[in-house]
Amino acid sequence: MLQLSGDLPEGVLLGNEGERLADRLRPGGAIWFSARAAKVHRDGVGADAPVTEWHSMCGRHVALPSRPNTGNGRFSDAGAFPAMLFRQKINCGYSVAGVAPDAAAFSVAMLYSSPARDGRTLFSVHAQDGGNLFFLNEADGMLTAKDRGGAIGIECEAPVHERGRELVMLSLEGSRLRLRLGRGPVIEARGGVENLRGEAELFIGCRNHRAGLQKTLGDLQISDVIFWPFGTVLAAPGMAETDQAAAVSDFWRWTR
């Protein structure tokens, strides 16, 4: 066994990756939801107790069950990693109102597992004004990020989910959309998005508050959702990684 007499820097120590990530995210104004028992409130005890509140690690936000989620949401820490559980054709989603002053500029990172590569709606962002929304969907082995109006979008092959959790990051700012899987290259698309203005509401694992959208709901495990309310954290293709993106990538690399 190797023994050192001096103090080691925090970055080489295992077990406190979450605390380090929170410290790096806070200066960027991020809102971080992590599936941890201390942050998940349930109506009762045991694996079948429905989730009533999911509190953020960074920021003072609470994810509440979407209106069609009438006691369907579950939390589990019995698997390879703690996660919020989502089921095909059953609304287990959550919503967070007021996450950004303007839905036209935001970034999202998500750590999730969907072995069948058919998790369906991973997240969506609604605009208070104009009626448009933006969503990320996984279906039949493909990821699709686009606004409902079809003005901007990216489609690419979904992660294979060979082990642990996969990381997807996305940034939308004005007419520019960027997406990255894991530590891979950034994909960029441009388009003139309309009616995506006003205060933003974030939906996790569902499209919106409407019932009857079963085809948008898949089997999925989500451990972490990070939302930045003020624009892009993904640098342009070929450019150096931003500090906020690097913080999430490092966390994923050490905890997956």
Side-chain angles (χ1 to χ4, degrees), residues 31-56 61-97 99 108-126 131 133-148 155 158-161 163-168 170 200-227:
I31 303 165
W32 176 24
F33 290 95
S34 186
R36 300 178 182 219
K39 294 296 181 179
V40 177
H41 295 186
R42 292 182 280 182
D43 185 10
V45 297
D48 290 330
V51 173
T52 57
E53 295 179 349
W54 185 9
H55 291 251
S56 62
H61 289 76
V62 180
L64 300 174
S66 62
R67 286 196 285 270
N69 177 2
T70 55
N72 303 321
R74 298 292 186 271
F75 163 79
S76 174
D77 55 5
F81 53 86
M84 311 300 280
L85 307 182
F86 301 81
R87 292 177 287 170
Q88 186 178 27
K89 297 185 178 181
I90 298 174
N91 195 304
C92 305
Y94 304 89
S95 70
V96 194
V99 289
V108 180
M110 178 176 286
L111 275 69
Y112 77 105
S113 178
S114 174
R117 305 172 80 199
D118 199 44
R120 300 289 163 159
T121 304
L122 302 185
F123 73 84
S124 70
V125 175
H126 276 238
L133 66 90
F134 189 93
F135 62 89
L136 179 64
N137 192 72
E138 182 187 64
D140 301 323
M142 299 296 293
L143 276 179
T144 302
K146 67 176 185 178
D147 74 302
R148 185 166 58 187
E155 184 174 66
V160 179
H161 300 280
R163 64 183 182 89
R165 302 165 291 179
E166 296 298 336
L167 169 64
V168 58
L170 179 149
E201 183 171 9
L202 172 67
F203 289 84
I204 301 170
C206 66
R207 197 66 56 92
N208 53 35
H209 282 302
R210 287 178 54 200
L213 298 174
Q214 288 90 349
K215 68 179 182 180
T216 68
L217 307 168
D219 289 320
L220 179 65
Q221 297 180 40
I222 296 176
S223 67
D224 296 272
V225 181
I226 304 168
F227 185 92

For W32 and D224, run side chain to side chain contact (heavy atoms under 4.5 Å, CB included): C-alpha distance rounded to whole Å, both residues' side-chain angles, the deciding distance at 0.1 Å, then the answer.
CA-CA 7 Å; W32 176 24; D224 296 272; 2.9 Å; yes
Step-by-step side chain to side chain contact (heavy atoms under 4.5 Å, CB included) determination, R207 to L217:
CA-CA 8 Å; R207 197 66 56 92; L217 307 168; over 6 Å; no
Working note: V99 + I31, criterion side chain to side chain contact (heavy atoms under 4.5 Å, CB included); need CA distance, chi angles, decisive distance, verdict.
CA-CA 8 Å; V99 289; I31 303 165; 4.3 Å; yes
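Side-chain contact between V168 and L136: present, with at least one pair of heavy atoms (C-beta onward) separated by less than 4.5 Å. The closest side-chain heavy-atom distance from L143 to L122 is below 4.5 Å. Counting only heavy atoms from C-beta outward, the side chains of Y112 and S223 never approach each other to under 4.5 Å. Within the 4.5 Å cutoff, no side-chain heavy atoms of D43 are placed close to those of V51. The shortest side-chain heavy-atom distance between R87 and N72 falls under the 4.5 Å cut-off. Two residues are said to be in side-chain contact when any heavy atoms from C-beta on lie closer than 4.5 Å; F33 and M84 fail this criterion. Side-chain contact check for E166 versus L111: every heavy-atom pair is 4.5 Å or farther apart.
Every residue two or more places apart in sequence or in another chain that forms a ring pair (Phe, Tyr, Trp, His ring centres under 6.0 Å) with F203 is listed here: H126, H209. Not counting sequence neighbours, the partners of F227 by the ring pair (Phe, Tyr, Trp, His ring centres under 6.0 Å) test are F106.
The closest side-chain donor-acceptor pair between S66 and N91 falls under 3.5 angstrom. Side-chain contact annotation: S113 with R165, donor-acceptor N/O pair under 3.5 Å absent. Side chains of H161 and Q221: no donor on one and acceptor on the other come within 3.5 Å.
S124 approaches L133 most closely through the heavy-atom pair CB-CD1, 4.5 Å. Taking every heavy atom of both residues into account, G119 and E138 meet most closely at N-OE1, 2.9 Å. Closest non-hydrogen pair, A63 versus Y94, comes out as CB-CB, 4.0 Å. Taking every heavy atom of both residues into account, D147 and F134 meet most closely at N-CD1, 3.6 Å. C92 and G73 make their closest contact through CB-CA, 4.2 Å (heavy atoms, listed as atom of the first residue, atom of the second, distance). Nearest heavy-atom pair across P50 and G71 is CB-O, 3.5 Å.
Stacking of R148 on the aromatic ring of F135 is not recorded, the 6.0 Å distance cut-off and the 45° axial limit not both being met.
Between the side chain of N137 and the backbone N or O of T121, at least one donor-acceptor pair lies under 3.5 Å. Remark: the backbone N or O of D48 is paired with a side-chain donor or acceptor of R74 at under 3.5 angstrom. Side chain of D118 to backbone of D140: a donor-acceptor contact under 3.5 angstrom is found. In this structure, the side chain of S56 engages the main chain of H61 through a donor-acceptor pair within 3.5 Å. Between the T52 side chain and the H41 main chain, a donor and an acceptor come within less than 3.5 Å of each other. A donor-acceptor pair is defined here as one N or O able to donate and one able to accept, closer than 3.5 Å; no such pair exists between the side chain of W54 and the backbone of R36. Using modelled atom types, one side-chain atom of N69 and one backbone atom of G93 make a donor-acceptor pair closer than 3.5 Å. Side-chain N or O atoms of R120 include none that pairs as donor or acceptor with a backbone N or O of Q88 at under 3.5 Å.
Distance OG/S34 to CD1/I222: 12.0 Å, rounded to 0.5 Å.
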